[in-house]
Amino acid sequence: MLKNSSTSYGWISIVIHWVMALAIFFLFGLGLYMVELSYYDAWYKGSLELHKSLGLLLLLFLIIRIGWRFSNITPAELPGPRWEQLSAQLMHLGLYAIMLMLLLSGYLISTADGRAIAVFELVNVPALPWSFDNQEDISGEIHEILAWLLMAMAAVHALAATKHQFINKDKGLKRMLKSD
Amino acid sequence: MKNLLLAGALTAATLVSTTSNAADYKIDVEGAHAFINFKIKHLGYSWLNGRFNTFDGTFSYDANKPDASQVEVLIQTNSLDSNHAERDKHLKGKDFLNVSKFPTAKFTSTRYDVKDANNGVLTGTLELHGVTKTISFPIEKIGEGDDPWGGYRAGFSGTTALTLADYGITYNLGPQSTQVELELYIEGIRQ
């Protein structure tokens, strides 16, 4: 099934979930790596170009994903105490919010001087018509903090899914791997 | 009689202003008639230019007593602008100016050695990136006189080269890019 049902995620949700997960972990590693490169490293410029291009593609994915989430049903909650269900909902909401802010803060760094971001040298994403003082510095700090926060949240999210799969045995992980 | 009095008063005022020892100027940052620019070689192939947008300062100068000249300039380091946000972020970060730790740079003159009517060598202390060093560099007076709006102005320029490592900035930009040239264009309004 492509669409979600009341018991299972559809393939569209599953593919978007894992593509984004892979891209986010890759971007996190790339981000940590590229800021340590020296000026004379051959990848000094290319790593940043790749980071920005992938980041903006990810933003596109996130927008599609949020649209899909609201135009589609979500499978029923996994059985468990109410507080666990609530925290799961809160975590999912938080992941969306942090991903969005993380991506936007990155965009605000590179566009702080009005420059567009060239996505793989194919599409230019323009800067906003306004900016604020020290935008690149403030956005940069936020970007770094949110990146670490997202990693921590993703870890908790993955642990929770694993716990559902192997301790509660309610297919918590499997339902995001295969559609019914 | 009234005219005579007025003329007398004007003459007196002129006398007072020409014989006055106090010639204190405030740098015209309001009207942005002062610039603190820097340039550094890019890979040894070209010059990269940038500037500090926010600074303030005062100087005193009297053409009759140039030896007594003095200047003080305070630069807000986070106002660095090289017309590229990603580069500015890098230059303001820990690899270079570390502006969150060292938000200001300060130059305070200690002496001025006159060479001729419009030239001299300015010596003073520069505090940059938490390091204070004494530097000397040539200064040229561009001109001074009344402005069209009722004020009196004087302007100077000066250039000096700083070795970045002297100020604890050791990020490797290549062998041709170890020094930065500072260009100062200062216009002051007499107070």
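Order of the sequence lines sets the chain letters (A, B, ...), proteins ahead of strands, with each chain counted from 1. Since the structure is predicted, the reported quantities are computational estimates derived from the model, not experimental observations.
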Which ILVMFWY residues are connected to B:Phe35, directly or by a chain of links, through side-chain heavy atoms under 4.5 Å apart? B:Tyr185

With chain A as the partner chain, list the residues of residues 117-133 of chain B whose heavy atoms fall under 4.5 Å from it, by residue number, and write 'none' if nothing qualifies. none

Which members of residues 9-31 of chain A, sorted by number, sit under 4.5 angstrom from chain B on a heavy-atom basis? none

Exercise: identify the closest heavy-atom pair between B:Pro175 and A:Tyr40: CD-OH, 4.1 Å

From A:Glu136 atom CD to B:Arg87 atom CZ, the distance as rounded to the nearest 0.5 Å: 11.5 Å

May I ask you to decide if the ring planes of A:Tyr44 and B:His90 are parallel, tilted or perpendicular, using 30° and 60° as cut-offs? tilted

More than 12 heavy atoms of other residues, nucleotides or ligands under 6.0 Å from CG of A:Asp133: is that the case? no

Ion pair A:Arg115/B:Glu86, N-O distance below 4.0 Å: no

Tell me whether A:Phe70 at atom CZ has more than 12 heavy atoms from other residues, nucleotides or ligands lying less than 6.0 Å away. no

I need the residue from A:Ile109, A:Leu48, A:Asn134 with the largest number of non-hydrogen atom pairs under 4.5 Å to chain B. A:Asn134

What do you reckon, is CD of A:Glu49 surrounded by more than 12 foreign heavy atoms closer than 6.0 Å? yes

Would B:Leu173 end up clustered with B:Tyr45 when hydrophobic side chains under 4.5 Å apart are linked, directly or stepwise? yes

Taking A:Tyr39 as the fixed residue, which of B:Leu43, B:Asn172, B:Asp95 is the one that meets the side-chain contact (heavy atoms from CB on, under 4.5 Å) rule? B:Leu43

Within a reach of under 6.0 Å around CZ of B:Arg51, are more than 12 heavy atoms found that belong to other residues, nucleotides or ligands? no

Other residues, nucleotides, ligands: >12 heavy atoms within 6.0 Å of A:Lys171 NZ: no

Counting a contact as any heavy-atom pair under 4.5 Å apart, which residues of residues 72-85 of chain B contact chain A? B:Asn78, B:Asn83, B:His84, B:Ala85

